[in-house]
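Right, one structure below, let's go through it.
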Amino acid sequence: MKKVFISGTAMISSGGVGTSDVWTSVLNQNVIVKKRKYRLYDGTEIEYPVYPMPEINLRDWMTKEKYSWIAKEGLTNDMDFVLMFVAASLALKNANVKSGENVALIIGHENVGVNNLINKVLQGPAPPDNLTPVDSFNEYKSDYFKLQTFPHLFYLAKALELNGAHFIINNACASGLHAVELGSCLIKNGQADRAVIVCSDYAHVTEHMWLSEKGFSSKKGVIRPFDKDRDGSVLGDGAAAVVLESEHSVIHRKSEALCEYYGSRFKHDNWKVNLPDVTSHQYAKTIRDLIGTYDGEIDLLIPHGAGIPLWDKYESREILNAFKDKKVPTVTALKGYFGHTLGANSLLELCVGIQSMLSNTVPFAYNFSNEDSGIDLSIEKRTMKRQVNTILKTVSAYGGFNAATLIRKV
């Protein structure tokens, strides 16, 4: 069986730009939550809580020529594109992979191009009363075109100067883990020696509105994964990227592998878009299928931990079901540090896990203080120094997408 390694990572969150900044913010518990104001064209404002990203000026990350054509395409204010470009650039630099090499690009994202269009509709100018249907369409036709998703794949590949096999996928909160497996398959099948996987999400007001309508947003503006007092999620801006590499490429380039990508398993339940099917146990089966292929002990488990009352209870029961014949690993939850980053969250949390493995440090579950009698998982309450050789990252996502990924130390 061909081995696949992770040779570069990058993270962006409210804790900073770059892997070092984000990891340091986690260790130092530098947690930032603010109110974001969204102004509509009629002058009204919507305020919502968010873990905000630091300001990023795309001019600082690329040449004038590159910035010029990106500006002409209307992407300089597309924060999802900005986050993806910066994260992917940092991961490629971390792996010392040069532009122009035969590198595959895989984007995992929930709604590329959508927020840019929504901003134009909601923030103005106000549409004239006498517009015909065709005139209304023409007002935003270039933005409608970009909703097909392939334009963003084209723009990002062009900006990063990559010319391998490229894909864009959407599996909701599990997008990152699905994207990593796709990259691994490309490498194992010999279609690429290297692949960069990138996910991002800018916490847009409409995402907050959707979560609130479903009863999934915290009314207190605090995300408390698995805690007795949890009452919902809080969104965060975030992005992450990893560079996957074949064993041959690692040896040939004399590059440093951060960890080995062992593999993933996926299953789907199709009961409801925004609720899991508690009777099918597809999440437990997904985890069990993966850990059943691994003979060693798993040292750390990073579950989804969205802070949603029903969802956290369901997740804890499925995890215990999956491990009923095995020792349950140490468990931590990470969304208290940087919020729920939706399509970016699984890859972002996997990258935090890689830093945990490299430093043999398990960060505690931030905002977890009161145990819930309905949750039998033992959640870490303090940061510990502990040998971490294997990490299991799991997600039970909207849309019924269940995913589990295992990485191990080299």
Side-chain angles (χ1 to χ4, degrees), residues 38-41 46 53 56 58 66-67 69-88 104-128 131-160 162 165-176 178-179 182 196-211 213-214 235 237-241 273-274 340-347 397-401:
Y38 189 87
R39 188 176 180 85
L40 307 178
Y41 67 72
I46 302 174
M53 59 184 275
I56 296 177
L58 203 53
K66 189 173 290 187
Y67 183 88
W69 73 256
I70 288 176
K72 287 179 182 177
E73 295 295 343
L75 295 170
T76 54
N77 292 322
D78 184 331
M79 297 313 301
D80 290 303
F81 178 85
V82 170
L83 283 165
M84 283 192 291
F85 177 81
V86 174
L105 170 65
I106 303 167
I107 295 174
H109 202 286
E110 292 191 7
N111 54 5
V112 288
V114 172
N115 291 342
N116 238 16
L117 173 59
I118 291 174
N119 289 341
K120 292 180 180 180
V121 173
L122 294 183
Q123 294 186 309
L131 276 184
T132 68
V134 173
D135 288 337
S136 297
F137 169 77
N138 287 335
E139 190 77 15
Y140 306 110
K141 64 181 179 182
S142 64
D143 298 286
Y144 289 132
F145 176 80
K146 291 171 184 172
L147 294 184
Q148 297 176 92
T149 69
F150 77 82
H152 274 74
L153 185 59
F154 169 83
Y155 294 135
L156 189 59
K158 179 179 174 69
L160 294 170
L162 303 178
H166 303 327
F167 297 84
I168 185 166
I169 66 170
N170 180 2
N171 297 88
C173 300
S175 296
H178 282 79
L182 177 54
V196 58
I197 319 300
V198 63
C199 303
S200 76
D201 191 86
Y202 178 78
H204 196 266
V205 64
T206 52
E207 296 170 342
H208 170 76
M209 291 165 65
W210 186 88
L211 284 174
E213 288 171 3
K214 303 299 180 185
L235 295 175
D237 302 326
V273 168
N274 59 331
H340 193 341
T341 58
L342 299 181
N345 89 96
S346 62
L347 192 61
Y398 301 148
F401 300 108

CG-CD1 distance between Leu75 and Ile70, expressed to the nearest 0.5 angstrom: 6.5 Å
- request: Please check if any side-chain donor atom of His152 sits under 3.5 Å from a side-chain acceptor atom of Asp80, or the reverse.
  value: no
task: Identify the two heavy atoms, one from Ala241 and one from Ala87, that lie closest to each other, and give their separation to 0.1 Å.
output: CB-O, 3.5 Å
query: Would you call Met209 and Ile46 a side-chain contact if the rule is heavy atoms closer than 4.5 Å?
result: yes
Over all atoms of both residues, closest heavy-atom pair of Val82 and Thr76: CG2-O, 3.7 Å
message: Just verifying a value: how many Å separate Met53 CE and Thr341 OG1, rounded to the nearest 0.5 Å?
response: 12.5 Å
- request: Could you verify whether a donor N or O on one side chain and an acceptor N or O on the other, from Glu110 and Asn171, lie under 3.5 Å apart?
  value: no
field: Shortest non-hydrogen contact between Ile197 and Gly176, atoms and distance
entry: CG2-O, 4.4 Å
Atom CG of Asn77 with >12 non-hydrogen neighbours under 6.0 angstrom: no
query: Any side-chain donor-acceptor pair under 3.5 Å between His109 and Asn170?
result: no
message: Looking at every non-hydrogen atom in both residues, tell me the closest pair between Leu342 and Asn345 and how far apart they are.
response: O-ND2, 2.6 Å
task: Decide yes or no on side-chain contact (heavy atoms from CB on, under 4.5 Å) for Asn274 and Trp210, but give the supporting numbers first.
output: CA-CA 11 Å; Asn274 59 331; Trp210 186 88; 4.1 Å; yes
task: Determine whether the aromatic ring centres of Phe150 and Phe145 lie less than 6.0 Å apart.
output: yes
query: Do Asn115 and Glu207 touch side chain to side chain, with heavy atoms closer than 4.5 Å?
result: yes
statement: Between Ala172 and Ser175, the two heavy atoms sitting closest are O-OG, 2.6 Å
Ring center gap for Tyr38 and His204 short of 6.0 angstrom: yes
query: Can you check whether Tyr144 and Phe137 have ring centres sitting under 6.0 Å from each other?
result: yes
query: So how far is it from Leu211 CG to Lys214 NZ, rounded to the nearest 0.5 Å?
result: 10.0 Å
- line: Tyr398 and Cys173 have their tightest heavy-atom pair at CD1-SG, 4.5 Å
Asp78 (side chain) donor-acceptor with Phe81 (main chain) under 3.5 angstrom: yes
- prompt: Do Tyr67 and Leu58 come close enough that some side-chain heavy atom pair is under 4.5 Å?
  reply: yes
field: Note, Leu162 side chain near Val196 side chain (heavy atom, < 4.5 Å)
entry: yes
query: If you round to the nearest 0.5 Å, how far is CG of Leu147 from CG of Asn116?
result: 9.5 Å
- request: State the CD1-OG distance between Ile107 and Ser200, to the nearest 0.5 angstrom.
  value: 8.5 Å
message: Set out, in order, the CA-CA distance, both residues' side-chain angles and the distance that settles side-chain contact (heavy atoms from CB on, under 4.5 Å) for Lys120 and Asp143, then state yes or no.
response: CA-CA 9 Å; Lys120 292 180 180 180; Asp143 298 286; 3.1 Å; yes
field: Ile168 CD1 to Leu105 CG distance, which is reported to the nearest 0.5 Å
entry: 8.5 Å
